[in-house]
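The model shown is predicted, which means the values in this text are computed figures rather than measured ones. Reminder, nothing fancy here: chain letters follow the sequence lines and each chain counts from 1.
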Protein chains: 2
Amino acid sequence: MEYTYDHPRPALTVDIVIFTLRENRLQALLIQRKDDPFRGMWALPGGFVHMDESLEDAALREMEEETGLKEAYLEQLYTYGAPERDPRGRVVTVAYFALIPADAPFRREGGSDAAQAQWCTVSELPPLAFDHTEIAAYALRRLRYKLEYSAVGFELLPDEFTLTELQYTYEIILGEKLDKRNFRRRILEANIIEPTPQRRTGEGRPARLYRYQPDAVAEVKARRLFP
Amino acid sequence: MEYTYDHPRPALTVDIVIFTLRENRLQALLIQRKDDPFRGMWALPGGFVHMDESLEDAALREMEEETGLKEAYLEQLYTYGAPERDPRGRVVTVAYFALIPADAPFRREGGSDAAQAQWCTVSELPPLAFDHTEIAAYALRRLRYKLEYSAVGFELLPDEFTLTELQYTYEIILGEKLDKRNFRRRILEANIIEPTPQRRTGEGRPARLYRYQPDAVAEVKARRLFP
DNA sequence: TGAATTGGTGTATAGTTGACACGAGATCAA
DNA sequence: TTGATCTCGTGTCAACTATACACCAATTCA
């Protein structure tokens, strides 16, 4: 089947920087390219936008194809459209970033196109195809920035978590130690999490479990304020 | 001439929210549509992305066609791609916002397509075509937010300005009165403007003229000026 | 020359942020 | 069963930041 237009049109894709916490590191999912250009190189997961789906739906579909996960925190990052960014022709891509919880049932064996997928610590990313290095760097910058003024860190944790786990999450992403008492004060005063009756037992004194308040999610999402 | 592809492609456009200060109001440029759909309705200036130009170049080109201005502060806002946002078919648009100085030589008589163009106070926008109301609202939100943490306000003023004019600019955009002494202290301590030897004379005591330090723009971008 | 107009300056108070140490509640091993 | 070990959970004080607030200065104009 062929499609004909009066004027030339760029191809439109979405690319997604999928973050998760694994092995006490912030990691991103990469796909090894099996075709030229950049064959064998690592790249961000992504693909073409279908005609009947929104950009966000396209990003979710691609994410599901690669990870098996249907839900995640997803936020539009930026749209990259330099004329020469893809050697095959004009391709404009809308970049997204996604956060998936540490305990999500990630399906490791690669996506629909059977390309190899692998988690990679964000501070040690290999060179990426196209302008994906730039996209990944921007995603990390946005995530860090966002963490400072919103509750987005919860999206990387299971439904219930201890304050210490939450603090570790922040420290891993921000790359710096935080003061325990000040951290707890700030988080609790922000009213974005609530205590549950449960405690998590293990080595040492049991820790109270918290969950984030579902209303807070919408609020975080509404603050898509930064370029 | 016709262009044929194996898979259907959305059309790709840019739309621009062009802000300026006029008559002590923050205004945006609107174009009256001369064709269906939404014939006669107001809309944001915009148009198709050419194959050999970046998205930003497309936005600048459209801006020049409508205003005659080639340079402005321009920032990508968000990409809108709901499947039904344009009744003619799938059209994805990359939205930008631009700031042009109050004294810029704006060419009033409409752009290349001879459509009628008009400045409109942002708090009194008419209903707009497509999803342009949403886009304009988001642009205003981003501008206000941005003003609080960056030097972007200067982009709406001539090269040289008084502190009172700068304060008015902030007040107009933020929609609230600011304290004169606190405002001056913050702006001056931020080291983003420098005094010139000139003064502006008029009614009352002459005011010192300032200009913004070109280097400062990038540096200050990360800093937060207003809480 | 003085009335009117706008420009330019400092201080005191409240609120926010950041640094900092120790007892509590559990497990585990002797 | 006891104490050694581990992690959890809590409050205060000092430094900094933000905010509220009023008057004299320099000029124009009548």
What is the distance, rounded to the nearest whole Å, between atom [atom1] of [X] and atom [atom2] of [N]?
X	N	atom1	atom2	answer
B:Leu188	C:dG10	CG	P	12 Å
A:Tyr168	D:dT7	OH	P	7 Å
B:Phe183	D:dA20	CZ	P	16 Å
B:Leu163	C:dT9	CG	C1'	12 Å
B:Ile187	D:dA18	CD1	C1'	15 Å
A:Lys177	C:dC20	NZ	P	14 Å
A:Glu176	C:dA19	CD	P	10 Å
B:Asn182	D:dA18	CG	C1'	7 Å

Discussion item. Here's a test of your reading of the structure: between B:Asp179 and B:Ala207, which maps to the more 5' nucleotide of DNA chain C?
Written reply: B:Ala207
Worksheet item: Distance check: side-chain N/O of B:Thr164 vs OP1/OP2 of C:dT6, anything under 4.0 Å?
Response: no
Worksheet item: Would you call B:Arg142 and B:Glu75 a salt bridge, using N to O less than 4.0 angstrom?
Response: yes
Worksheet item: Is the distance between the ring centroids of B:Phe161 and B:Phe154 less than 6.0 Å?
Response: yes
Worksheet entry | Ring-ring centroid check B:Tyr80 B:Tyr78, cutoff 6.0 Å | yes
Fill in: Residue pair B:Lys70, B:Leu60: steps toward the side chain to side chain contact (heavy atoms under 4.5 Å, CB included) verdict
CA-CA 7 Å; B:Lys70 280 186 173 151; B:Leu60 286 170; over 6 Å; no
Practice prompt. Run through A:Thr121, A:Leu99, A:Leu21 and flag the one making a side chain to side chain contact (heavy atoms under 4.5 Å, CB included) with A:Leu26.
Written response: A:Leu21
Worksheet item: Among A:Val122, A:Leu140, A:Leu29, A:Ile135, which one satisfies side chain to side chain contact (heavy atoms under 4.5 Å, CB included) with A:Val17?
Response: A:Ile135
Worksheet item: Using a cut-off of 4.0 Å on non-hydrogen atoms, how would the nucleic acid contact of B:Arg185 be classed: base, sugar-phosphate, or nothing?
Response: base
Practice prompt. Answer with base, sugar-phosphate or nothing: what part of the nucleic acid does A:Arg184 contact at a heavy-atom distance below 4.0 Å?
Written response: base
Fill in: Heavy-atom protein contacts under 4.0 Å, nucleotides 22-29 of chain D, coded B base, S sugar-phosphate only, - none
B--BBBS-
Worksheet, complete the sentence: Between the CZ atom in B:Arg85 and the OG1 atom in B:Thr93, the distance rounded to the nearest 0.5 Å is 5.0 Å
